[in-house]
Amino acid sequence: MDLRIFTEPQQGATYDDLLAVARASEDLGFDAFFRSDHYLSMGSGDGLPGPTDAWTTLAGLARETSTIRLGTLVTSATFRHPGVLAIQVAQVDQMSGGRVELGLGAGWYAEEHTAYGIPFPEKRFGLLTEQLEIVSGLWGTPVGERFDFAGEHYTLTDSPALPKPVQTSPLDPSRAGVPLIVGGLGPKRTPALAARFATEFNLSFPPLDVIGEKLETVREACRTIGRDPQTLTMSTALVLAGGKDDAEVDRRAAAIGRDPKEVREVGIAGTPTAMVDRLGALAEQGIQRVYLQVLDLHDLDHLELVASQVMPQVR
């Protein structure tokens, strides 16, 4: 099983904070460093010193790390025009030597749009669909050819479809592209989008008892369009609160404002044995990759505990 570190910097983090976590994640052998793409803190925190832009951050990390994969979970379709997003992601992929992945979603947090003057249409699924069509189409257009698109929300005319990512599309190695992550708990439309465009299907913070059912839904969506479900990586994101003993678990849960009992029930939490058991149960349901939501970015010992006492038992 792949273990990835997932951060929420809108809650309060500087670029240097994120760099320290990304470097520690790389040194400790985690598969990837991901961050959310939000512009406003959630809950009661003040979010100081303020938000950092996801793709600006990842561009910096691309030059200051060497091997770890980098990405968003997830970029909102409301934040950027798809042509601009395709350019940004391709450039960061070049800067990283081909280590970037793009999680793309419809967006949900209305308040951050209001706070920063970003339009937030009531219906956003069409935006997401067209963005997936456009970014994959721009990257996949052969060099020297042009890309055109006429949709309900976006029109591109005579685009040179440049620059290209370093990577090739996992779905079509003859074309350029980066791995695309689509996720959600929706019963029909999201699985269909994942089957059509994604390299990975992600369930973020799901009720643990619905995971198997949701994964089977997206497998069926793959079969409907003639895609082998085995070509789609299945992942989940869950909060991390581990410790060498129960007292340390309780301390780490309190540090992120979570009830220790609750976090043990819903997350990757507890002693190393408990975390290994939870990961094993996820694997039995079909999960191949887990994003560990790290909320205390200054507790690097937390990462070391997982790397030394959990990771060797699940890989």
Side-chain angles (χ1 to χ4, degrees), residues 1-39 41 47-76 79 85 88-104 165-167 178-181 199-200 202 204 233 235-242 252 255-256 267-268 289-312 314-315:
M1 177 177 284
D2 291 338
L3 296 181
R4 296 183 160 193
I5 297 303
F6 171 48
T7 61
E8 302 270 12
Q10 76 278 354
Q11 299 303 103
T14 66
Y15 172 77
D16 286 339
D17 293 331
L18 296 172
L19 175 60
V21 176
R23 283 178 166 167
S25 301
E26 181 172 80
D27 292 343
L28 291 168
F30 287 96
D31 179 61
F33 172 89
F34 270 58
R35 59 157 293 164
S36 59
D37 195 353
H38 285 296
Y39 291 127
S41 63
L48 290 174
T52 51
D53 180 78
W55 287 100
T56 302
T57 298
L58 294 174
L61 296 179
R63 306 303 290 178
E64 297 195 83
T65 59
S66 301
T67 58
I68 198 165
R69 297 192 68 78
L70 305 166
T72 54
L73 199 67
V74 293
T75 285
S76 173
F79 285 174
L85 179 62
Q88 290 175 313
V89 176
Q91 183 178 9
V92 178
D93 195 53
Q94 292 175 4
M95 294 168 72
S96 71
R99 294 184 282 125
V100 161
E101 302 182 16
L102 170 63
L104 191 58
V166 170
Q167 299 177 83
V178 307
L180 291 171
I181 304 164
T199 306
E200 176 180 333
N202 178 263
S204 291
T233 298
S235 70
T236 190
L238 296 168
V239 64
L240 177 68
R252 286 199 165 112
I256 60 173
I268 308 299
R289 176 174 292 158
V290 175
Y291 292 82
L292 304 172
Q293 185 197 42
V294 175
L295 295 174
D296 184 352
L297 299 184
H298 297 100
D299 185 3
L300 299 183
D301 289 342
H302 201 182
L303 305 188
E304 196 282 329
L305 174 76
V306 176
S308 64
Q309 298 192 40
V310 176
M311 192 186 301
V314 299
R315 282 190 167 175

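As a basis for the values below, the full set of heavy atoms in this structure was taken, side chains included, without hydrogen atoms, waters or symmetry mates.
Under the side chain to side chain contact (heavy atoms under 4.5 Å, CB included) criterion, V294 pairs with I5, L240, L297, L303, sequence neighbours left out. Contacts of Y291 classified as ring pair (Phe, Tyr, Trp, His ring centres under 6.0 Å), with partners at least two apart in sequence or in another chain: F34. Partners of D299 according to the side chain to side chain contact (heavy atoms under 4.5 Å, CB included) rule, which considers only residues two or more places apart in sequence or in another chain, are R252, D296, D301, H302. The salt bridge (charged side-chain N to carboxylate O under 4.0 Å, His left out) check on R69 picks up E101, with sequence neighbours excluded. Listed by chain and residue number, E8, S36, H38, M42 satisfy the side chain to side chain contact (heavy atoms under 4.5 Å, CB included) test with Q10 (two or more places apart in sequence, or in another chain). Listed by chain and number, the residues in a ring pair (Phe, Tyr, Trp, His ring centres under 6.0 Å) with Y39 are F79 (sequence neighbours excluded).
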One pair to check against side-chain contact (heavy atoms from CB on, under 4.5 Å): D31 and R315. What are the steps and the verdict?
CA-CA 11 Å; D31 179 61; R315 282 190 167 175; 4.2 Å; yes

Can L292 and F6 be said to form a side-chain contact (heavy atoms from CB on, under 4.5 Å), step by step?
CA-CA 6 Å; L292 304 172; F6 171 48; over 6 Å; no

Could you check Q167 against D93 for side-chain contact (heavy atoms from CB on, under 4.5 Å), going step by step and ending with a plain yes or no?
CA-CA 8 Å; Q167 299 177 83; D93 195 53; 2.6 Å; yes

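Side chains of R35 and T57: a donor-acceptor N/O pair is present below 3.5 angstrom, by distance only. Between N202 and S204, the side chains place a donor N or O and an acceptor N or O closer than 3.5 Å (distance only, hydrogens not considered). In this model, a donor atom of one side chain and an acceptor atom of the other lie less than 3.5 Å apart for E200 and S235.
T72 places a side-chain N or O within donor-acceptor distance of the main-chain N or O of G103, the cut-off being under 3.5 Å. Not a single donor-acceptor pair under 3.5 Å links the side chain of R4 to the backbone N or O of F30. Between the side chain of E26 and the backbone N or O of S66, at least one donor-acceptor pair lies under 3.5 Å.
Closest of all the heavy-atom pairs between P9 and T52 is CB-OG1, 4.0 Å. For T14 against P49, the heavy-atom pair with the smallest separation is CG2-CG, 3.6 Å. Closest heavy-atom contact between L61 and L70: C-CD1, 4.0 Å.
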